[in-house]
There are 2 protein chains.
Amino acid sequence: MGDVLTRDPEVPKRTSAARERILATADRLFYDEGVQAVGIQRIIAEAGVTRVTLYRHFPSKDDLVAAYLERRSAYDHAQIDGIIESHRDDPRGALSELATALTRDDFGSLRRGCPFINASAEFTGSHVARVMAREIRSWVTEQIAGLLRALDHADPRGTAEQLMMVRTGAVVSGSLDANDHLSEDFVRCWERLIDAGLPAAPR
Amino acid sequence: MGDVLTRDPEVPKRTSAARERILATADRLFYDEGVQAVGIQRIIAEAGVTRVTLYRHFPSKDDLVAAYLERRSAYDHAQIDGIIESHRDDPRGALSELATALTRDDFGSLRRGCPFINASAEFTGSHVARVMAREIRSWVTEQIAGLLRALDHADPRGTAEQLMMVRTGAVVSGSLDANDHLSEDFVRCWERLIDAGLPAAPR
DNA sequence: CAAGGGGTAGACCGATCGATCTACCTACCT
DNA sequence: AGGTAGGTAGATCGATCGGTCTACCCCTTG
């Protein structure tokens, strides 16, 4: 007998190619053009599915929006966890990598800024977009603060929030301003804010 | 004889109470709920005007959006010009005031973040919202750089852009995160970034 | 007085919105 | 062999979207 309900041990939730196509298309359109600007019609047309299929997987547009942001959130979690994991004995290196990974990998694909900030601008109150934005921002801040604590930093919480500010500002600036020194300015600012509160010369 | 065309010397362009009501209502709704989320119907209902009146003053919704952001832009210009003007012999004081004025006056009324960033998230390409956002951000950055130059700062341009990052991040954070130390963290970061590049101790 | 600009009132346009419906097909698992 | 989940196709729903239209009113100004 053994396990009964699932035959596939690695993917308990079903995947469905159509579902993936819907999500990938929604991700692209929502991010590039905004959530409210993209209608269901656009999504089903470009994903090559029918209306019924979409509503079977995502009962409402808000559910699709939530899934879109969940996807983005999972990606960010994985990336940051990976960086921290691969610098397990080097918190200072992990902090630097958090900055350079952004400039190296993400500035290109984040031409339209932060998907959470952008989506939050389109909704009010406790809409799922705003809740998820607050969640991931709080989580990232806490990861940074943890690294600072591991370094015996003088002010882990305050500095983590300052680092989040410059990180946020850098992503927004990258999507709005014409600044070809953005990466350098950002990394320099990031490093300076960290080192200002580290214990006296480590060597 | 004197002036002929206008009996009111101070307002050459006609004001029209209805126009003001439309703009004030649009400002409130667009900022609080997002541009795409608010329809013309909502605006004319809450402004107490008719469809025809609105379209007489603003031929299209985009024109109304442009006027909304123009209003915001004029306010920011006036505020920053006023701060710089009132500290004409004290650029360092003007820089500090730029930060504290934000925390003192604006954080309360900017609960929904920056109207230019928010509006930009809803549109693509060279929509008027994105153009105006870039314009005012570039202008503010230049004002900050000017103050830094007046102080013989080591890196006026780069520092001005770093200050814009933390300022942007602070406004966004204020609209998304639950952080009761935001103002202090922001001001401390702001001051530190300025002083790091100033010429050796002035006293 | 006559003209014209700003205003009201409300019907109306085609298009699109998010969402629901019926009906049928197909592949895989028990 | 039969059941079920996932898929296609296309019509349809009421609501709302941005925008236009006609008709009438009131006040100021020349």
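Only a predicted model underlies this, so the values are computations on that prediction, with no experimental measurement involved. The sequence lines fix the lettering, A, B, ..., with proteins before strands; numbering per chain opens at 1.
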When rounded to whole Å, the CG to P distance for the pair B:L54 and C:dT8 reads 11 Å
Ranking D:dG18, C:dA19, C:dT8 by distance to the side chain of B:K61, first place goes to D:dG18
In whole angstroms, the gap separating C1' of C:dG7 from CD1 of B:I22 amounts to 11 Å
Rounded to whole Å, the OH-C1' distance (B:Y55 to C:dG5) equals 21 Å
Between A:H57 and A:D63, do the side chains contain a donor N or O and an acceptor N or O under 3.5 Å apart?
no
Donor-acceptor pair (no angle test) under 3.5 Å: A:R51 side chain, D:dG10 base:
no
note: B:I43, atom CD1; D:dG19, atom C1'; distance rounded to Å ~ 14 Å
Residue pair A:V52/B:I40 against DNA chain D: nearer the 5' end by closest nucleotide is A:V52
Task: B:I136 and B:M132, any side-chain heavy atoms less than 4.5 Å apart - done: no
Rounded to whole Å, the CD-C1' distance (B:Q41 to C:dC12) equals 14 Å
Rounded to whole Å, the CD1-P distance (B:I44 to C:dA9) equals 11 Å
For the pair A:R88 and A:E85, find out whether any cationic side-chain nitrogen is under 4.0 Å from an anionic carboxylate oxygen. yes
B:S16 side chain N/O closer than 4.0 Å to the phosphate oxygens (OP1, OP2) of C:dG7? yes
* Would B:R72 count as a cation-pi partner of B:Y31, with NZ or CZ less than 6.0 Å from the six-membered ring centre and within 45° of the ring normal? -> yes
Polar side-chain atom of B:R71 near backbone of B:D27 as donor-acceptor pair, under 3.5 Å = no
Among D:dG7, C:dA19, D:dG18, the one nearest any side-chain atom of A:T53 is D:dG7
*So does B:R56 reach the base of C:dG5 with its side chain, donor to acceptor, closer than 3.5 Å?*
no
note: B:H57, atom NE2; D:dT20, atom P; distance rounded to Å ~ 16 Å
When rounded to whole Å, the CD to P distance for the pair A:E33 and C:dT16 reads 15 Å
By nearest-nucleotide position on DNA chain C, the 5'-leaning member of A:Q36 and B:V49 is B:V49
